[in-house]
Amino acid sequence: MLDIRFIEDNIELVKDITLRKGYDVNVDHLIEMVRSRRKYIFNLDNLRSERNRKSKEVSRLKRAGEDAGRIIEDVRRIGSDIKALEEKVGELENNIAEIAFKIPNIPHFSVPEGNDEDENLEIRRWGKPPEFDFKYRPHWEIGEMLGILDFKRASKIAGSMFAVYTGLGARLERALLNFFLDMNVKRGYKEIFCPYLVNRDSITGTGQLPHLEDDMYHLDNPDYFLIPTAEVSVTSLHKDETFSEEDLPIYHASYSACFRKEAGAHGRETRGLMRMHQFNKVELVKFTTQETSYDELEGLVSDAEALLQALELPYRVTKLCIGELSFAAAMCYDLEVWIPSEGRYREVSSCSNFEEFQARRLRIRYKPKGGRQSKFVHTLNGSGLALSRTLLAILENFQQEDGSVILPKALVPYMDGLKKIG
RNA sequence: GGAGAGGUGGCCGAGUGGACGAAGGCGGUCGCCUGCUAAGCGACUGAGGUGUUAUAAAGCACCUCCGUGGGUUCAAAUCCCACCCUCUCCGCCA
């Protein structure tokens with residue numbers, strides 16, 4: 001959520017960004033309501049002040065044993081005026097919040113113009129895509145040949161866009177999970193394990209609601225959502241808290257299963273591990289001061305890159321253009337790993353700075369050193385990393401002609417010394 | 001799921017209708033004292049909003065907030081109702 005004052009001062013900018021990101025929001029109506037709310041509150045406070053004064057008078061008279069009947073009559077009248085105004089203000093506040101929650105974050109000034117993927121800015125590449133002198137296979141073929149992935153049975157027990165990992169496949173998934181968590185902890189992150197079911201407030205706080213409701217699995221009674229990423233639980237961990245500046249930055253790393261309906265994607269990429277209704281991910285979350293958040297973003301990207309480098313997977317880093325930026329992000333780098341079967345790079349980590357956007361919704365603040373006024377923290381997060389896509393990339397990039405797969409050295413200790421599958 | 005107890009400021013904790021944004025303590029900040037530290041003494045120490053000067057900071061005035069939402073009352077932390085959460089016991093379960 002943006003600061004209402006900021007919106008008032010930058011009406012045209014807010015309208016422009018909202019429109020370009022494809023959200024339908026009536027900013028003028030919002031401003032109108034904000035202004036009338038202010039007027040009502042002014043009147044309301046005056047009435048309350050009068051009531052407080054007269055109430056004290058009543059109490060004084062009563063203690064003195066004098067008659068307070070006239071004043072009581074007065075206060076009764078004021079009371080009903082107050083109630084009417086309170087209703088009006090309450091209604092306005094609901095309407096204001098409803099609109100304000102639908103306004104996306106404002107991109108950082110350095111974010112490139114552009115509307116789609118092609119206009120993202122490539123920052124750097126690392127590693128070289130493998131060159132095969134044999135007919136290489138997509139990961140689902142490799143996985144089925146090796147007997148480590150089972151999509152048929154997955155669809156039997158659940159449906160399409162699910163996977164079953166068996167034997168060394170399951171072992172490899174677990175190896176990756178442990179490797180990621182260990183690495184991240186070594187780099188200063190605190191390991192967190194959180195609920196997969198969260199309440200509406202949490203998921204509104206990180207910005208998935210209101211507009212992504214259709215993409216999330218929802219339980220009716222009670223009103224719970226299955227998290228689409230650990231970002232939701234881990235960021236909301238500190239809801240309603242005020243840190244002192246010395247506590248910051250805070251680094252958290254959390255594994256979770258992630259659940260997505262992929263409602264907009266049906267029919268696309270239903271094969272393999274690329275897009276699933278349930279997948280595993282380790283998420284990195286940072287809480288920082290306002291001054292340091294962009295340096296921290298660079299650090300976050302490096303931390304995620306270190307994982308890909310340790311796995312020897314070729315990747316590139318891109319900076320997302322305005323149109324590609326998610327609802328809550330002010331700036332975002334994607335890490336994309338090379339996928340031989342597609343002949344292109346695909347996202348395995350999305351590292352974003354949300355600035356105050358989430359913190360404002362979740363009321364996460366800090367007291368600056370020496371300062372009185374508390375400020376909103378900046379929140380950041382990025383995958384470190386998405387497990388299934390990483391596993392897929394390992395199968396495809398390190399496949400051999402005979403169908404076997406050589407494991408990256410970093411994983412060997414996690415595979416009980418096993419260097420190769422198949 | 002049943003029975004009971006409880007939710008108050010950064011923390012502990014008092015407060016059962018009017019002088020309570022809230023005693024007392026701890027913690028914190030500043031000052032005094034002190035060779036240094038400790039102890040001691042004194043002052044200050046919640047958040048949000050509206051207005052004001054100029055929608056800078058600071059200030060000043062007022063308002064709101066005692067788990068959340070309703071209600072009773074001239075007046076609610078205090079009384080009533082619903083919900084949420086925590087603790088204890090029982091049941092159930094991994």
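Residue numbers begin at 1 in each chain, while the letters A, B, ... track the order of the sequences. For clarity, every value in this text was computed on a predicted model and none was experimentally measured.
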Exercise for the section: Could you tell me whether the side chain of Asp45(A) has a donor or acceptor atom within less than 3.5 Å of a complementary atom in the base of G51(B)? Expected result: no

Problem - From CG (Asn381(A)) to OG1 (Thr206(A)), nearest 0.5 Å - result: 9.0 Å

Practice task
Please determine if a side-chain N or O atom of Ser55(A) lies less than 4.0 Å away from the OP1 or OP2 oxygen of A76(B).
Solution key: no

Practice task
Just do the ring pair (Phe, Tyr, Trp, His ring centres under 6.0 Å) check on Tyr189(A) and His252(A) with the steps written out, would you?
Solution key: CA-CA 5 Å; Tyr189(A) 291 81; His252(A) 289 335; 9.0 Å; no

Practice task
Look at the side chain of Ile72(A) and decide which nucleotide, out of C74(B), C62(B), G49(B), has an atom nearest to it.
Solution key: C74(B)

Completion exercise
Whole-Å distance, Lys62(A) NZ to A19(B) C1', equals 16 Å

Exercise for the section: May I ask you to verify if any side-chain N or O of Arg5(A) is less than 4.0 angstrom from the OP1 or OP2 atom of U50(B)? Expected result: yes

Exercise for the section: Can you figure out which of C74(B), A47(B), C62(B) approaches the side chain of Ser49(A) most closely? Expected result: C62(B)

Problem - Side-chain donor-acceptor contact under 3.5 Å, Glu347(A) with Tyr315(A) - result: no

Fill in the blank from the handout: Scanning both residues in full, the closest heavy-atom pair of Leu297(A) with Ser352(A) reads CD1-C, 3.8 Å

Handout entry: Nearest-angstrom distance, C1' atom, A76(B) to U8(B)
Key = 14 Å

Exercise for the section: State whether Asn46(A) places a side-chain N or O below 4.0 Å from either non-bridging phosphate oxygen (OP1 or OP2) of G51(B). Expected result: no

Exercise for the section: For nucleotides G4(B) and A23(B), find the distance between their C1' atoms and express it as a whole number of Å. Expected result: 30 Å

Completion exercise
Interatomic distance, SG@Cys258(A) vs CE@Met216(A), rounded to 0.5 Å, equals 12.5 Å

Handout entry: Pairwise C1' distance, C20(B) and A5(B) [rounded to whole Å]
Key = 26 Å

Exercise for the section: May I ask you to evaluate whether Arg38(A) reaches the phosphate of U50(B), defined as a side-chain N or O under 4.0 Å from OP1 or OP2? Expected result: yes

Practice task
Write out the stems for RNA chain B, ordered by first number and formatted as range with range, counting runs of at least 3 consecutive Watson-Crick or G-U wobble pairs under 3.5 Å.
Solution key: B:1-7 with B:84-90, B:10-12 with B:24-26, B:27-32 with B:40-45, B:46-52 with B:59-65, B:67-71 with B:79-83

Practice task
Take atom P in C65(B) and the same atom in G71(B), then report the distance between them in whole Å.
Solution key: 14 Å

Practice task
Please measure how far the C1' atom in U78(B) lies from the corresponding atom in C66(B), and state the result in whole Å.
Solution key: 10 Å

Practice task
Determine the Euclidean distance between corresponding P atoms of G67(B) and A14(B); express it in Å to zero decimal places.
Solution key: 14 Å

Problem - Pairwise P distance for G59(B) and A75(B), with rounding to whole Å - result: 34 Å

Practice task
Please determine if a side-chain N or O atom of Arg76(A) lies less than 4.0 Å away from the OP1 or OP2 oxygen of A75(B).
Solution key: no

Exercise for the section: Using whole Å, report how far CZ of Arg51(A) lies from P of C74(B). Expected result: 12 Å

Exercise for the section: Take the protein atom CG of Asp240(A) and the nucleotide atom P of C84(B), then report the distance between them rounded to whole Å. Expected result: 19 Å

Exercise for the section: Taking only the side-chain heavy atoms of Phe42(A) (C-beta and beyond), determine which of C63(B), A75(B), G51(B) contains the nearest atom. Expected result: G51(B)

Practice task
May I ask you to check whether Asn353(A) and Ser293(A) show a side-chain donor-acceptor distance below 3.5 Å?
Solution key: yes

Exercise for the section: Quickly work out the Arg363(A) CZ to G67(B) C1' distance and round it to whole Å. Expected result: 13 Å

Problem - U64(B) phosphate, OP1 or OP2, under 4.0 Å from Asn52(A) side-chain N/O - result: yes

Exercise for the section: Check whether any side-chain nitrogen or oxygen of Lys56(A) sits under 4.0 Å from OP1 or OP2 of C74(B), and answer yes or no. Expected result: no

Exercise for the section: Would you mind reading off the distance between Arg60(A) atom CZ and C74(B) atom C1', rounded to a whole angstrom? Expected result: 15 Å

Exercise for the section: Could you state the atom-to-atom distance from CD of Glu50(A) to C1' of A75(B) in whole Å? Expected result: 15 Å

Problem - Backbone N/O of Phe243(A) and side chain of Asp247(A): donor-acceptor pair under 3.5 Å - result: no

Handout entry: Separation of atom CZ in Arg37(A) from atom P in G49(B), rounded to whole Å
Key = 9 Å

Practice task
Using ring pair (Phe, Tyr, Trp, His ring centres under 6.0 Å) as the criterion, list what pairs up with Tyr333(A), not counting sequence neighbours.
Solution key: none

Completion exercise
Closest to the side chain of Ile41(A), out of G46(B), G18(B), U50(B), is U50(B)

Practice task
Without swapping roles, check the side chain of Thr204(A) against the backbone of Arg200(A) for a donor-acceptor pair under 3.5 Å.
Solution key: yes

Practice task
Determine the interatomic distance between C1' on G69(B) and the same-named atom on C84(B); round to the nearest Å.
Solution key: 10 Å

Handout entry: Euclidean distance, atom CZ of residue Arg48(A) to atom C1' of C62(B) [Å, nearest integer]
Key = 11 Å

Problem - Minimum-distance nucleotide (side-chain atoms of Val58(A) versus G46(B), C74(B), G49(B)) - result: C74(B)

Handout entry: Any Lys83(A) side-chain nitrogen or oxygen under 4.0 Å from OP1 or OP2 of G70(B)
Key = no

